[in-house]
Amino acid sequence: MSAEANVGVVGLAAMGASLARNLARHGNRVAVYNRHYARTEHLIDNYGDEGQFYPAKTVKEFVDLLEKPRTAIIMVKAGVATDAVIDELAEYMEPGDIIVDGGNSYFKDTIRREKELRAKGLHFVGMGVSGGEEGALLGPSMMPGGSDASWERLKPILESIAAKADDGEPCVMHVGENGAGHFVKMVHNGIEYADMQLIAESYDIMRRGLGMTPDEIGDVFEAWNGTDLDSYLIEITAEVLHKKDPQTGKPLVDVIYDHAGMKGTGTWTVQTALELGVPVTGIAEAVFARGLSDQTALREKAQADPFRGPDGHIELGVETREAFIERVRQALYASKIVAYAQGFNEISRAAETYGWDIDMAHLARIWRAGCIIRAKFLDRISEAFEDGAADVSLLFAPYFKQGIEASESDWRHVVATAAEVGLPAPVFSSSLAYFDGLRAKRLPAALIQGQRDLFGAHTYQRVDQPGAWHILWAEPDQKEVKMAD
Ligand SMILES: NC(=O)C1=CN([C@@H]2O[C@H](COP(=O)(O)OP(=O)(O)OC[C@H]3O[C@@H](n4cnc5c(N)ncnc54)[C@H](OP(=O)(O)O)[C@@H]3O)[C@@H](O)[C@H]2O)C=CC1
Ligand SMILES: O=C(CO)[C@H](O)[C@H](O)COP(=O)(O)O
C-alpha cells in the first residue's frame, strides 16, 4: 500500500464523513477509516466522486496510506473511544506525525494526551470543531490547540476548509498550547446552552404566557433575526417552529418529547467555572434546566399531585401583545450579552491558570461564521476586545453597556411577569441577578462572613483595618480578636 494521502480522517459518522468530504472537495487526498467498515463503504459509494478518497479497512492500512510526516484527524466519541483510537494510531505512527482530535473532548484529557504523545515524539492537537454536520461539510469554525509547530503544518489545510466570515477571514485560529482549543470549544458549547435556553424561555413566554401558536412565534423569531439578535440559533428556531410533523400535520415542536439531552460539554463548562471561581450563572442555569426537563419521576409526580399556583397565562391589560413581545426581545438580548460575558470571563481566567495566550478578539472573529453560536454581534465583541474595553468584562464595553442599559427595564418587567404568572425563566432571571449583583455597592456576603465566623471561626476582614478578625462568640464578652495580619 503506497502513501498517497496528505491527510486522513478516522471516524466517519455525521461529523467525520462531512469533514472528510470537505477536505476532499478542497483538493486534499483523504485517507478514511472507520471502526465498522460499513460507514467507510457508505462514504465511498455515495460521495466517492467528490474528490480523492483512500479507504482503509484497518488502522495500519490507514496509517500506511498517509504521506510522511502524517496528519490524521480523529472524529469519534469523546472519552474512551478517543483514547482507544489514539492508542491504535500511535502504535503505527512515527515521531513528527500529527494526530488531531476534532471531537468534543474534555480539555484535561487533551492536556494529558498531548503530554503522553509528546513523549513519543508525536504532535497531538485537540481541536474544537463547531457547525454540526452541515458546518463540517460546508465550512466549520475550528479551534485547534497544540504546539506552534503543528499549527504551521495544519494551517493551510484547515484554512482551506474553514468557514469564511463576511470579510473573507477563515474561521480558524491557533488558540494556544495543549488543551486550549478544546477548552474554548467547551465554553462555546456552554454559551450555546445558555443561548438555546434563553430562546426556549422566550418561546415559552409567548406560547404559554401569550397563547401564541408555533407558527406565530416562528414569525416573531424570523423578525428578530433582522435585529441585534441576528444569529444562527434564532434563524433555526424559526425553522423548527414552522415545521409540521410529517406524521400528524401538527407543529413538530408539539410532538417532540420535552426532555432535553446533553453530551457533557455544558456540564464541563460549569464544573470548570466552579474550579476556576468564575460565576457562569446563565450557563449553569441552562444546564440545570436541561437536567430538570429530564427528571421524569419528579415531573410526573408534580403532574399527578399538582402544586397550587398561577397557570402561566399573562394578562396584558392595556399593553399590546407586540409591545410585550418587544420587551421579551430586549430581555433576551440583555441576557445573551451576560452569557457571552460570563463565557469570555471563564476563558480569560483559564488562560491565566493554564498559561495560554489566547487572543480573545481573534477568538470572537472565528465564531462569526461556521459555528453554532455565530451571531451578528460577534463583530462588536471582537472590537470590544481589540480596544481593551472588554478586558474586565464584555459588559463594560460601551456598545454592550449601552445595550444592557437600554434593555434593563424591559428585562426586569419580563422576569417579574414570568415569576408572577408561574413561567420558569431561569436564565433570564439568573442573568438579571448577576447584573444586579455587579451593580450592588454592598453585597449581603458580609452577613455570610459573619455567619461563617460564628459557626466555624472562619474569620472575616474588616472594611476599615487590615487582617483577619474573629469574634469570640461563645464567650460572655464576645470580644473581637485579630487572628492574622
Ligand atoms: N454531531 C455534532 O453536531 C458535533 C459533534 N462533535 C464531536 O465530534 C465527534 C464525532 O461526532 P459524531 O459524528 O456526531 O459521531 P458520534 O459522536 O456519534 O461518534 C460516532 C463515531 O465514533 C466511532 N466510535 C465510537 N466508539 C468507538 C471506539 N471504541 N473505537 C473506534 N471508533 C469508535 C464510531 O464508529 P462506529 O461507526 O464503528 O461505531 C463513529 O465513527 C464527537 O466527539 C462529537 O462530540 C463536534 C461538533 C459537533
Ligand atoms: O458541539 C456541538 C455543537 O457545537 C454538538 O452538537 C454537541 O453535541 C452539542 O452539545 P449537546 O449534545 O450536549 O447539546
Side-chain angles (χ1 to χ4, degrees), residues 8-22 32-43 55-59 62 72-89 91 99-107 109-110 113 126-144 163 171 181-197 199-200 231-233 236 259-271 283 286-291 293-294 343 366-367 369-375:
V9 178
V10 179
L12 302 173
M15 292 299 287
S18 295
L19 205 69
R21 291 171 61 198
N22 187 353
V32 285
Y33 169 78
N34 193 75
R35 180 180 56 171
H36 293 104
Y37 192 67
R39 285 197 202 272
T40 314
E41 224 164 27
H42 182 266
L43 174 70
K57 285 194 168 151
T58 65
V59 172
F62 172 81
I73 304 176
I74 305 173
M75 291 303 289
V76 302
K77 279 193 194 307
V80 288
T82 300
D83 274 318
V85 172
I86 291 170
D87 288 348
E88 284 180 292
L89 284 173
E91 194 180 330
I99 299 177
V100 181
D101 169 19
N104 276 333
S105 292
Y106 182 43
F107 77 100
D109 286 340
T110 304
R113 289 166 182 153
M127 177 170 80
V129 178
S130 182
E133 188 175 9
E134 189 184 83
L137 179 64
L138 303 177
S141 171
M142 288 171 288
M143 296 146 250
C171 291
H182 275 142
F183 187 91
V184 299
K185 174 65 193 332
M186 175 188 80
V187 176
H188 164 288
N189 281 21
I191 295 171
E192 175 182 306
Y193 273 54
D195 209 347
M196 290 170 77
Q197 176 64 23
I199 290 172
S231 63
Y232 172 72
L233 284 170
I236 63 162
H259 291 222
M262 48 184 162
K263 288 188 174 160
T265 46
T267 305
W268 297 337
T269 308
V270 179
Q271 283 171 340
I283 299 170
V287 173
F288 286 129
R290 288 198 194 186
S293 80
D294 207 32
I366 69 158
W367 286 349
C371 72
I372 304 296
I373 64 168
R374 60 187 183 260

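Numbering of ligands and ligand atoms starts at 1, following listing order. For the numbers below, each heavy atom of this structure counts, side chains included, while hydrogens, waters and symmetry mates do not. Please read all numbers here as calculations on a predicted model, not as lab measurements.
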Is there a side chain to side chain contact (heavy atoms under 4.5 Å, CB included) between Glu88 and Arg35? Walk through the geometry before answering. CA-CA 11 Å; Glu88 284 180 292; Arg35 180 180 56 171; over 6 Å; no

Among all protein non-hydrogen atoms, which one is nearest to atom 5 (C) of ligand 2, and what is the separation to 0.1 Å? Asn104 ND2, 3.9 Å

Could you check whether any side-chain N or O of Ser130 sits under 3.5 Å from a backbone N or O of Ile372, counting only pairs where one atom can act as donor and the other as acceptor? yes

Ligand 1 to Ala78, heavy atom cutoff 4.0 Å, flagged ligand atoms 43 (O)

If we ignore hydrogens and angles and just use 3.5 Å, is the side chain of Ser18 paired with the main-chain N or O of Glu133 as donor and acceptor? yes

May I ask which of Lys185, Met186, Lys263 has a heavy atom nearer to atom 2 (C) of ligand 2 than the others do? Lys185

With nothing but distance in play, are any N or O atoms of Gly11 less than 3.5 Å from an N or O of ligand 1? no

Nearest non-hydrogen protein atom to atom 46 (C) of ligand 1, with distance, is Asn104 ND2, 3.5 Å

Below 4.0 Å from ligand 2: does a non-hydrogen atom of Ser130 turn up there or not? yes

With heavy-atom distances below 4.0 Å as the criterion, list the atoms of ligand 2 near Arg290. 11 (P), 13 (O), 14 (O)

Considering all protein heavy atoms, does one lie under 4.0 Å from atom 13 (O) of ligand 2? yes

For the pair Tyr106 and Trp268, name the ring-plane relationship: parallel under 30°, tilted 30 to 60°, perpendicular over 60°. tilted

Non-hydrogen atoms of His188 versus ligand 2: any pair closer than 4.0 Å? yes

Using only atom types and a distance under 3.5 Å, with no angle test, would you say the side chain of His182 pairs donor to acceptor with the backbone of Gly103? yes

Could you go through the side chain to side chain contact (heavy atoms under 4.5 Å, CB included) check for Met262 and Val287 one step at a time? CA-CA 8 Å; Met262 48 184 162; Val287 173; 4.1 Å; yes

Taking N or O atoms only and a 3.5 Å limit, does Glu133 qualify as a polar contact for ligand 1? no

Closer than 4.0 Å to some heavy atom of Gly103 - which atoms of ligand 1 meet that? 7 (C), 8 (O), 9 (C), 43 (O)

Using a 4.0 Å cutoff against the non-hydrogen atoms of Leu12, which atoms of ligand 1 qualify? 41 (O)

Proximal atoms of ligand 2 relative to Glu192 (non-hydrogen, under 4.0 Å): 3 (C), 4 (O), 9 (C)

What are the atoms of ligand 1, with element, lying closer than 4.0 Å to any heavy atom of Asn34? 35 (O), 36 (P), 37 (O), 38 (O), 40 (C), 41 (O)

Any idea which atoms of ligand 1 are less than 4.0 Å away from a heavy-atom of Val129? 46 (C), 47 (C)

Within the 4.0 Å heavy-atom shell around Ala14, which atoms of ligand 1 are there? 13 (O)

Contact between ligand 1 and Ala84 is defined here as a heavy atom of the residue under 4.0 Å from a ligand atom; is it met? no

Atoms in ligand 1 with a heavy atom of His36 nearer than 4.0 Å: 36 (P), 38 (O), 39 (O)

Of all the non-hydrogen atoms in the protein, which one sits nearest to atom 10 (C) of ligand 1, and at what distance? Met75 O, 3.7 Å

Is there a heavy atom in Lys77 that sits closer than 4.0 Å to ligand 1? yes

How close does the nearest protein non-hydrogen atom get to atom 31 (C) of ligand 1, and which residue and atom is it? Val85 CG2, 3.5 Å

Between CG of Leu43 and CG of Asn34, what distance do you get to the nearest 0.5 Å? 9.5 Å

For Gly132, atoms of ligand 1 separated by under 4.0 Å from a heavy atom: 3 (O)

Under the side chain to side chain contact (heavy atoms under 4.5 Å, CB included) rule, what do Ile74 and Leu89 come out as? Steps first, then yes or no, please. CA-CA 10 Å; Ile74 305 173; Leu89 284 173; 3.9 Å; yes

Which atoms from ligand 2 have a heavy atom of Met262 less than 4.0 Å away? 13 (O)

Using a 4.0 Å cut-off to any heavy atom of Ile372, which atoms of ligand 2 qualify? 3 (C), 4 (O)

Under 3.5 Å: N/O of Arg35 near N/O of ligand 1: yes

